[in-house]
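Report on the structure given below.
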Amino acid sequence: MSAVIYPKVALIGLGLIAGSMAHAMRRAGLAETITGYARSAETRKIAREINLVDEVCDSALEAARDADLVVLCVPVGVMGAVAAEIAPGLKPGAVVTDVGSVKAAVIEAVAPHIPEGVHFIPGHPLAGTEHSGPRSGFAELFDNRWCLLVPVEGSDPGEVARLTRYWEGLGSNVDVMDAEHHDLVLAVTSHAPHLIAYTMVGVADDLRRVTDSEVIKYSAAGFRDFTRIAASDPTMWRDVFLSNKAATLEILGRFTEELFALQRAIRTEDGDHLHDYFTRTRAIRRGIIDAGQDTDAPDFGRAVASKAKARTE
Ligand SMILES: NC(=O)C1=CN([C@@H]2O[C@H](COP(=O)(O)OP(=O)(O)OC[C@H]3O[C@@H](n4cnc5c(N)ncnc54)[C@H](O)[C@@H]3O)[C@@H](O)[C@H]2O)C=CC1
Ligand SMILES: O=C(O)C(=O)Cc1ccc(O)cc1
């Protein structure tokens, strides 16, 4: 039986996520033809050299023309402009989706450009790295990770089911969520933590009494993780914060309140407060591990496999 879900898939933006999708689509045979476009001529040249997709086009419109699925894989701040560019080439019945890290702002920017008869079903794979560009993608990126689909009003359930099968073919588990909730969940689990990592690395850089070489030489695991996250693409993350402003500010407000309380506990030597707080946070970590979601743990693959096995038994 053929594994093809969408005969022609167009990837707009050819970076980490589009590249990983191309590799994973080929691994599973989900498309017959993959076209692609990126704004920078250099990226298009590299994409051609490494044969990332079947055809690298010189415009987004050309790449999307007559595609069965168009995936917008550009920074969230330019999703609306790209949707306007491709709109005249979309065929009736085509599906347009995206992989942006923010959903409400992307829906607001993209939906007005989607022609009648074309299905718009936003999405967000919860998988990535600090790397970017056409050479950074790999087929396994989405394996055993969540992809959230965020159908808009009037999304065709049959098309949501088809896009779900596509993401499962890429290796993901799929959940459906509404845009506002998505943006709040991601503000807690991804956007605020990235901002905290950026800040912590900035603080270490500013602290003249500790040299940069000492920071690198003696960095313990926690700080190393911060430096990895703080090496993420500046354009992508600028756009994430500006597009998910309300939810990120709400979480950062709560964060600073708790930070002040911990600061006060240290100043007043309130050990009970610190101990109670750390006991609570430790339980949260244990909950994540029990749910089999600790992707850093050496046995993560095994935990996922045994849960999948348990589900089918
Ligand atoms: N990097 C990550 O870990 C994750 C990123 N995302 C989301 O995926 C999207 C893409 O991110 P990455 O692949 O990491 O970025 P990337 O920086 O690796 O690739 C972005 C691509 O978009 C192209 N581009 C930028 N502006 C354009 C425009 N106006 N027209 C056409 N092409 C344009 C760039 O040339 C580049 O090829 C973003 O919306 C991001 O929020 C989602 C999950 C994880
Ligand atoms: O590299 C990491 O630690 C990430 O957190 C990757 C990531 C970045 C942005 C997303 O919207 C989803 C996943």
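Starting from 1, each residue takes its place in the sequence as its number. One-based numbering, in listed order, for ligands and for the atoms of each.
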Which of the ligand 2 atoms, numbered from 1, are nearer than 4.0 Å to a heavy atom of Ser101
9 (C), 10 (C), 11 (O)
Can you find an N or O of Gly13 that's nearer than 3.5 Å to an N or O of ligand 1?
no
Any ion pair linking Arg264 and Asp270 (charged N to carboxylate O, less than 4.0 Å)?
no
Can you name the closest pair of heavy atoms from His191 and Thr248 and give their distance?
CB-OG1, 4.1 Å
Where's the contact between Ala60 and ligand 1, heavy-atom distance under 4.0 Å: side chain, backbone, both or neither?
neither
So, is Ser136 polar-close to ligand 1, with some N/O to N/O distance under 3.5 Å?
no
What atoms in ligand 2 come closer than 4.0 Å to a heavy atom of Arg228?
1 (O), 2 (C), 3 (O)
Selected option - heavy-atom contact closest to atom 43 (C) of ligand 1, from Gly128, Ser232, Pro125
Pro125
Distance-minimising heavy-atom pair for Gly13 and Ala18:
O-CB, 2.9 Å
Cationic N near anionic O, under 4.0 Å, Arg27 to Asp143
yes
Measure Ser132 to ligand 1 on non-hydrogen atoms and call it side chain, backbone, both or neither using the 4.0 Å cut-off.
both
Indicate, as side chain, backbone, both or neither, the part of Met79 found under 4.0 angstrom from ligand 1 when only non-hydrogen atoms are considered.
side chain
Residue and atom name of the nearest protein heavy atom (relative to atom 37 (O) of ligand 1), distance in Å to one decimal:
Leu14 N, 2.9 Å
Check Met236 against ligand 1 and report side chain, backbone, both or neither, counting heavy atoms closer than 4.0 Å.
side chain
Measure from NZ or CZ of Arg280 to the centre of the six-membered ring of Tyr277, then state whether that distance is under 6.0 Å and the direction lies within 45° of the axis.
yes
Ile107 to Pro112 - nearest heavy-atom pair and separation:
O-CD, 4.1 Å
Taking only Lys NZ, Arg NE, NH1 and NH2, and the carboxylate oxygens of Asp or Glu, determine whether Arg48 and Asp58 approach each other closer than 4.0 Å.
yes
Polar contact flag for Ala38 and ligand 1 (N/O pairs, less than 3.5 Å):
no
In terms of residue, atom name and distance, what is the protein heavy atom nearest to atom 14 (O) of ligand 1?
Leu16 CB, 3.8 Å
At a 4.0 Å threshold, what atoms of ligand 2 neighbour a non-hydrogen atom of His124?
10 (C), 11 (O), 12 (C)
Please write down residue, atom name and distance for the protein heavy atom closest to atom 6 (N) of ligand 1.
Ser101 OG, 3.5 Å
Where is the nearest protein heavy atom to atom 5 (O) of ligand 2: which residue, which atom, and how far?
His194 CE1, 3.3 Å
Which bit of Val82 gets closer than 4.0 Å to ligand 1, counting heavy atoms only: side chain, backbone, both or neither?
side chain
Closest contact, heavy atoms only, Gly123 versus Leu149:
CA-CD2, 4.0 Å
Could you check whether any heavy atom of Ala81 sits closer than 4.0 Å to an atom of ligand 1, since that is the contact criterion I want to use?
no
Kindly indicate whether atom 25 (C) of ligand 1 is approached by any protein heavy atom to under 4.0 angstrom.
yes
dist Asp156:CG -> Leu163:CG (nearest 0.5 Å) comes out at 11.5 Å
Heteroatom distance test (Arg39, ligand 1): nitrogen or oxygen, under 3.5 angstrom
yes
Can you name the one residue among Glu257, Glu258, Glu250 that meets salt bridge (Lys or Arg N to Asp or Glu O under 4.0 Å) with Arg254?
Glu250
For Ile34, does its backbone N or O pair with a side-chain atom of Asp54 as donor and acceptor, under 3.5 Å?
yes
Heteroatom proximity flag, Trp237 to ligand 2, N/O under 3.5 Å
no
Heavy atom to atom 38 (C) of ligand 1, shortest distance: which of Val99, Val74, Ile17, Val102 holds it?
Val74
Tyr37 heavy atoms, cut-off 4.0 Å: which ligand 1 atoms fall inside?
31 (C)
At a 4.0 Å threshold, what atoms of ligand 2 neighbour a non-hydrogen atom of Thr129?
1 (O)
Could you report the tightest heavy-atom contact between Leu30 and Tyr166, atom names first, then the distance?
CD1-O, 3.6 Å
Does only the side chain of Met236 get under 4.0 Å from ligand 2, or the backbone, or both, or neither? Count heavy atoms.
side chain
Hey, is ligand 1 close enough to Ala127 that some N/O pair sits below 3.5 Å?
no
Tell me, which protein residue and heavy-atom name are nearest atom 20 (C) of ligand 1, and how many Å apart are they?
Cys73 O, 3.8 Å
Just so I know, are the side chains of Val53 and Thr35 near enough to count as touching, which here means a heavy-atom distance under 4.5 Å?
no
Hey, is Asp98 close enough to Lys103 for a salt bridge, meaning N to O under 4.0 Å?
yes
What protein heavy atom sits nearest atom 19 (O) of ligand 1, and how far off is it?
Gly15 CA, 3.2 Å
Atom of Trp167, atom of Val174 and distance for their closest heavy-atom approach
CB-CG2, 3.6 Å
Under 4.0 Å from one or more heavy atoms of Gly100, ligand 1 contributes atoms 39 (O)
Which value, rounded to the nearest 0.5 Å, describes the distance between Met200 atom CE and Leu195 atom CG?
13.0 Å
Dump the intermediate steps for salt bridge (charged side-chain N to carboxylate O under 4.0 Å, His left out) on Arg162 and Glu159, then the final yes or no.
CA-CA 5 Å; Arg162 182 151 72 128; Glu159 292 300 337; 3.2 Å; yes
Heavy-atom contacts with Thr129 under 4.0 Å: which atoms of ligand 1 show up? List them by number with element.
1 (N), 3 (O)
Would Tyr37 and Arg44 satisfy side chain to side chain contact (heavy atoms under 4.5 Å, CB included), going step by step from the backbone distance to the final call?
CA-CA 7 Å; Tyr37 168 75; Arg44 296 200 297 275; 3.6 Å; yes
Using a 4.0 Å heavy-atom cut-off, which part of Thr43 comes near ligand 1: side chain, backbone, both, or neither?
side chain
For Val76, counting its heavy atoms only, list the atoms of ligand 1 lying under 4.0 Å from any of them.
39 (O)
